[in-house]
Number of protein chains: 2
Amino acid sequence: MPRHWHMISRPARGIVSRSRFSTLSSAAPPQATDATQQTRQSVHLPRTIASLLHPAQGGQPDAEHVTIHGWIKSIRRMGRISFAHIIDGTTSFPLQAILSKSQAAGLSTGSSVRIAGTWKASLAGTAQQSELLAEDVSLLGEADPTTYPLQKKFQSYEYLRTLPHLRPKIPFNTAVLRLRSYISQNLTSFFAKNEFVQCYPPIITSSDCEGAGEVFTVSSNEKDSKGHFFKSPKYLTVSTQLHLEALAAAVPRVWTLSPTFRAEKSDTHRHLSEFYMLEAELSFVETLDPLLDLIEDMIRQLVSGLASSRVGNEILSLSGDLKPQLEARWEGLMQPGRWKRLAYSSAVEDLQAAVDKGEKFQFLPEWGANLQSEHEKYLAGLYNGPVFVTDYPREIKPFYMLPTPGDDRTVACFDLLFPAVGELIGGSLREHRYEELIRSMKSHGLILAGDDSEHAGLSWYTDLRKWGTAPHGGFGMGLDRLLCYLTGVENIREVVAFPRWVGRCDA
Amino acid sequence: MPRHWHMISRPARGIVSRSRFSTLSSAAPPQATDATQQTRQSVHLPRTIASLLHPAQGGQPDAEHVTIHGWIKSIRRMGRISFAHIIDGTTSFPLQAILSKSQAAGLSTGSSVRIAGTWKASLAGTAQQSELLAEDVSLLGEADPTTYPLQKKFQSYEYLRTLPHLRPKIPFNTAVLRLRSYISQNLTSFFAKNEFVQCYPPIITSSDCEGAGEVFTVSSNEKDSKGHFFKSPKYLTVSTQLHLEALAAAVPRVWTLSPTFRAEKSDTHRHLSEFYMLEAELSFVETLDPLLDLIEDMIRQLVSGLASSRVGNEILSLSGDLKPQLEARWEGLMQPGRWKRLAYSSAVEDLQAAVDKGEKFQFLPEWGANLQSEHEKYLAGLYNGPVFVTDYPREIKPFYMLPTPGDDRTVACFDLLFPAVGELIGGSLREHRYEELIRSMKSHGLILAGDDSEHAGLSWYTDLRKWGTAPHGGFGMGLDRLLCYLTGVENIREVVAFPRWVGRCDA
């Protein structure tokens, strides 16, 4: 039978005072109308280690008698006393607890504990300002050292990928979980501040946005007479863009952070079958510049916030030799001043000039062909930072893009190239004129000659151009790739808790 | 060729000053390190109507010459001048523009416009404090009155469901889009404040959390020799709970707002095949009370914030006769004081007492059977507000629930029942003990006799109990059902932009 809070929170027990709750007491609940203004926690939950080690107001924490929960990171037995380092995932820094020999019995790396005790200043010269003098120790869950899979200090990424359910416990992975949460929260604020509406476009859809992607099919044992659940075959979304465009015809600025899917056989360090994409769509923008400005500001304020955040500092601290390189990356993204904006045609000229000077590319740069990863990395290096390449040839881009004003050979689109990793964000203005859109769908082979009725299942999308159409544009960013860049993690499978790629869908 | 911002932003053109940007000028970009402290917008985007009608500081807006974009809500032609009501979805209130006869030519309900002009005080006695005296009007996109589908004022919900791509333009639906965004932002803040980590559990999975749900199967044309993309059949998640439990073993408080899927043939106003679920999981909680406290606080601070928000007021204003009822609902959720917490056994006694007093139920209440919707609504009415019913019989609940301390016939779980709508949230403590979990899986038929190796594909889940297991619990809330309750919308298909249910997956 599990123990209960009321058993250990009774003052009569002598070791736990109310102060182990970092919040208001139940005798004086917060006024409901003030709840949104509170910066403190509003509910009674077990105190976290972060709240002890990093008290919000700075200086000493507000508690002398505390109860903490966590997992043993390490334990040193020194005769009559033991020093245990406890983590609970809320901070990378362990809490040091001092235990008696009997209190330490049975504890080993990975086991979970509840410790009540006195939180007091450490001896001078120790790294931690305070430590927990244990009075009552409960072993909640053992971790048999002979079988616990995370015992060893150095395990291969490949091995850890077979343990997606356990590897979040590794401190760097825990910090990445918190980093993702930080980014999500930061972007939510950023878009709200800029009057964007956060939307939730559908996951199951009949549209294949790019017109060429490999899609996952969704089916069910519940079938109609034709063998379908939804009357016809349906797929997992490859991009929410088309649906966002419909929503941007109601509210002028929309964004989403949505799962997207590609059934590609790519077994690379940059591809997943399931990944989170941040997509935004803006009505009433008529050039690329407002989109690029928005992206610069989004990334710049995100990284600036990160650099002064606790989780940012923890990521750096846990990065070892990579720390200076990461700091340089972050610094590069925080610099004021516009990022380079370069037309595709000029980019090709840059690449060809490089070839003339002896640069060796596997693929020769040529107008009309897509930029290869090697080209993208060269350009980001050449301009020493993020580079927007704009106005690619129409033939190599999807049907929905607006032609570049004054040049029908290209479309008003862009890719944002990052040093070392290449493309991170892509976007465009959208063709908002009905006749021109139909023409583009025909020239891209989406509408067959003579078939003007259904528009390849996209008549709802072409409909948007029939009544009150407006110039608009948007972009998409792979969130997991951004995480890779910010953490220096090379393989995208290491920044996603439960990664899915061809042949692998563990847990 | 589209017009460009620089064409209309040149001061030389005389009608547009810099002040149409609600933000800093490009000559003095914000310091990157200060960006996170800004409350004003950080980028240059076309000014919204909300920023004019509801200036952030109160009082008069900060602009005399402005350019706005939007859609014509209505237009009245009065001889030499016309009064146009313009909406852009950022507020339910239309902006009034005064146009000359020639400026108004070709404008009709639904068409999109850009209007530059002078923003000045209206004549006394008019509803709006200021209005826009048009100087330059551009028709961006026509809306032919003879074909525009949203022309008529009263259309059936069924008809509008055939236009999921257009119906977001209807003011109430636009407000619901913004309400959803408000809720998402509010909950993001609430959970961050309470030290929760926002997580993104996988969508494609091999687990069927409830052990009985109808699932969607995910497949691809890209197949291995056995016909699978992921080596074996995979499904769309029905709940992220099991994966959240793994993450809660690394960070003690996790939450997600994630799409979930059920391939149910239910053609009701309460069911969708694809819906967003808020799920949270907390390590180190050993009774239900902290979970119920958290839920109360979450809902109470959400509704309190909503009641004092602009979007909240707009929802009320747009609700017509329903407004008093909605206000009463919201008021009910904001009241201080604990919501009723009632054990299932007592609930059944209440229901049986009601039957004795002549209450007619379609299903007779009986210990051991699930509560029917009629029972749930009766209980919520009996206690005049939200009611937590706890500790249901073990046999009618999933395998992962912890037995009620002291009573092995029931499990430590709860449903939160709302007046009028019934169950909104469900949760439980989880069985965190390895042997007991295996026993429960066997008694629920998930593990067949003699098959102890694979644990029905859930060996990763049982693994979590092997090393450092800890008491934990969590809950899930259907976000779309909450939206229904808060807006008084009866059919869940009306609060989701692109609803999917059996036989229907439009656009």
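Every chain is numbered from 1 and lettered A, B, ... according to where its sequence line falls, protein lines coming before strand lines. These values consider heavy atoms only, across backbone and side chains, with no hydrogens, waters or symmetry-generated copies.
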Mind ranking [options] by heavy-atom pairs under 4.5 Å with chain A and telling me who comes out on top?
{"options": "B:Pro164, B:Ala249, B:Ala50", "answer": "B:Ala249"}
{"options": "B:Gln198, B:Lys231, B:His165", "answer": "B:His165"}
{"options": "B:Gly89, B:Cys505, B:Ala143", "answer": "B:Cys505"}

Between [options], which shows the greatest number of heavy-atom pairs under 4.5 Å with chain B?
{"options": "A:Gly503, A:Pro499, A:Ser184", "value": "A:Gly503"}
{"options": "A:Ser283, A:Gly70, A:Ser232", "value": "A:Gly70"}
{"options": "A:Phe229, A:Phe498, A:Trp255", "value": "A:Phe229"}

Residue part contacting chain A, namely of [X], when any heavy atom lies under 4.5 Å:
{"X": "B:Glu142", "answer": "backbone"}
{"X": "B:Leu177", "answer": "both"}
{"X": "B:Leu163", "answer": "neither"}
{"X": "B:Asp88", "answer": "both"}
{"X": "B:Thr147", "answer": "both"}
{"X": "B:Pro259", "answer": "side chain"}
{"X": "B:Leu282", "answer": "side chain"}
{"X": "B:Phe261", "answer": "side chain"}
{"X": "B:His243", "answer": "both"}

Are side-chain heavy atoms of [X] and [Y] found at a separation under 4.5 Å?
{"X": "B:Val502", "Y": "A:Glu222", "answer": "no"}
{"X": "A:His432", "Y": "B:Leu140", "answer": "no"}
{"X": "A:Ser51", "Y": "B:Glu195", "answer": "yes"}
{"X": "A:Leu236", "Y": "B:Leu236", "answer": "yes"}

One should read off an interatomic distance between A:Lys265 NZ and B:Ser220 OG, to the nearest 0.5 angstrom, of 8.5 Å
Between NZ of A:Lys466 and OH of B:Tyr148, what distance do you get to the nearest 0.5 Å?
->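 These two atoms lie 13.5 Å from each other.
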Using non-hydrogen atoms and a 4.5 Å limit, figure out which bit of [X] sits close to chain B: side chain, backbone, both or neither.
{"X": "A:Ser111", "value": "backbone"}
{"X": "A:Leu257", "value": "side chain"}
{"X": "A:Trp501", "value": "backbone"}

A:Phe216/B:Phe216 aromatic ring centres below 6.0 Å = no
Set of residues satisfying ring pair (Phe, Tyr, Trp, His ring centres under 6.0 Å) with respect to B:Tyr200, sequence neighbours excluded =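 Listed in chain order: A:Tyr276.
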State whether the side chain of B:Trp467 and the backbone N or O of A:Gly110 hold a donor-acceptor pair below 3.5 Å, judged by distance alone.
->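 Side chain of B:Trp467 to backbone of A:Gly110: no pair is present.
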Would you say A:Arg500's side chain and B:Pro202's backbone share a donor-acceptor pair under 3.5 angstrom?
->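 Pair absent, no side-chain N/O of A:Arg500 close to backbone of B:Pro202.
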Specify the closest pair of heavy atoms between B:Ala497 and A:Leu247, including all atoms of both residues, with the distance to one decimal.
->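 Looking at all heavy atoms of both residues, the closest pair is CB-CD2, 4.0 Å.
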Side-chain ion pair, B:Glu274 and A:Lys234, N-O less than 4.0 Å =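 Judged by the 4.0 Å cut-off on N to carboxylate O distance, B:Glu274 and A:Lys234 do not form a salt bridge.
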